[in-house]
Protein chains: 2
Amino acid sequence: MLYKKSKQRDRILELLKTTGSHPSADWLYEKLKAEFPRLSMGTIYRNLSILEKQGLVKKIDFGSTYDRFEANITPHYHFICEVCGAIKDLELPVEYQLEKKVEEETHMTVHKHRIEFFGICNACMAKKGS
Amino acid sequence: MLYKKSKQRDRILELLKTTGSHPSADWLYEKLKAEFPRLSMGTIYRNLSILEKQGLVKKIDFGSTYDRFEANITPHYHFICEVCGAIKDLELPVEYQLEKKVEEETHMTVHKHRIEFFGICNACMAKKGS
DNA sequence: TTTATATTAGTAATTGTTCCGAATATTGTT
DNA sequence: AACAATATTCGGAACAATTACTAATATAAA
């Protein structure tokens, strides 16, 4: 099945590329419904899923009851604030040798790995102090 | 609020301790309903939540649409089979220096981290080959 | 054995996501 | 430009996992 272009999908991807906030489907819906008054959540989810299949978007399915999404598809790790739920991309180099170690230990095939760091972000730390 | 003992809760913890399968709430329910014919899912979820508060159980909330649970509370990483969904505990040493590196990079406070490795388990690899 | 309250079963409600069908938009062809 | 083929949309219904509620029951302590 081929893909036809869609204004909604283009804007979803554009929004994801220009925000660092790793938004939820609902956030995208709220942002775009002014632009597309008859927008529906089905459209958001379907397009996120298509963009993911195309390798342009990644789903972040941890640290929350709902999924979040990002268009930064270069390998990187995440920091999650335990207070406000913010997700930050980290610059920490990706440690591929860990995958080798797991393969040596288990003799299983490892395709990828993920690291999430949990703590308190600077903004929440500042609020806490006050 | 203090905790009174509950046969249901005791058995949930015991089951979790003696299985390596990182089961779902539903799996626990199916296993225990012979023993407690009037068991309800609410009881499973409530007790898992209490056991988690007590630090006896950890929720595994990634890689699936439903939560899974474990009673192995010593720090360790996970391997998730992309084919059958099995979760395996890894022996890989926990790399606490990564948390320091993140703190140096971001000047945020890191409390913990998690690593998940994704790949194909031995059982699924064998099936695939045949 | 009385009292206080944590726990349970059963069910209803909630949440996030997926699925569906009829209408619309996009693309390629004549 | 008109047409056919089909991907996409909207809107709402359906769904699955979890949480919330209430009356009845179990536990612990006095």
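Below, each value reflects all heavy atoms present in this structure, side chains not excepted, and no hydrogens, waters or symmetry copies. Letters A, B, ... are given to chains in the order of the sequence lines, protein chains preceding strands, and every chain is numbered from 1.
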Ser49(A) and Arg46(A) side chains, donor-acceptor separation under 3.5 Å: no

Distance-only, no hydrogens or angles: does the Arg9(B) side chain make a donor-acceptor pair with backbone N or O of Lys4(B) under 3.5 Å? yes

Looking at every strand, decide which applies to Asn47(A) at a 4.0 Å heavy-atom threshold: base, sugar-phosphate, or nothing. sugar-phosphate

In this structure, CG of Asn72(A) is separated from CG of Leu16(A) (nearest 0.5 Å) by 11.0 Å

Could you tell me how far apart Gln54(A) (CD) and dT8(D) (C1') are, to the nearest whole angstrom? 13 Å

Is the phosphate of dA9(C), meaning OP1 or OP2, less than 4.0 Å from a side-chain N or O of Gln8(B)? yes

Do side-chain atoms of Glu103(B) reach the backbone of Val110(B) as a donor and acceptor pair under 3.5 angstrom? yes

Partner residues of Phe117(B) under the ring pair (Phe, Tyr, Trp, His ring centres under 6.0 Å) criterion, sequence neighbours left out: His113(A)

Over how many whole Å does the gap from Arg9(B) atom CZ to dA26(D) atom C1' extend? 12 Å

Could you give the CZ-to-C1' distance, from Arg11(B) to dT8(C), as a whole number of Å? 17 Å

Report which part of the nucleic acid Asp67(A) touches: base, sugar-phosphate, or nothing (heavy-atom distance under 4.0 Å, all strands). sugar-phosphate

Please produce a list of atom pairs where a protein N or O lies less than 3.5 Å from an N or O of nucleotides 26-30 of chain C.
unit_1	atom_1	unit_2	atom_2	d
dT26(C)	OP1	Lys7(A)	NZ	2.9
dT26(C)	O2	Lys4(A)	NZ	2.8
dT27(C)	OP1	Lys5(A)	N	3.4

Are the side chain of Glu116(A) and the backbone N or O of Ile80(A) linked by a donor-acceptor pair below 3.5 Å? no

Between atom CD1 in Ile50(B) and atom C1' in dA26(D), what is the gap in whole Å? 14 Å

note: Met1(A), atom CE; dT6(D), atom P; distance rounded to Å ~ 12 Å

Should Phe36(B) and Leu28(B) be regarded as members of a common hydrophobic cluster, given that ILVMFWY residues are connected when their side-chain heavy atoms come within less than 4.5 Å of each other, either directly or indirectly? yes

Is Ser49(A) touching bases, backbone alone, or none of the nucleic acid, heavy atoms closer than 4.0 Å? nothing

Which word best sums up how the rings of His78(B) and His22(B) line up, parallel for under 30°, tilted for 30 to 60°, or perpendicular for over 60°? perpendicular

Grab the CG-P distance between Asp61(B) and dT18(D) for me, whole Å please. 10 Å

By a strict heavy-atom criterion of less than 4.0 Å, which residues belonging to residues 27-46 of chain A are in contact with DNA chain D? Arg38(A), Leu39(A), Ser40(A), Thr43(A), Arg46(A)

Which heavy atom of Asn122(B) sits nearest a heavy atom of Thr106(A), and at what distance? ND2-O, 3.5 Å

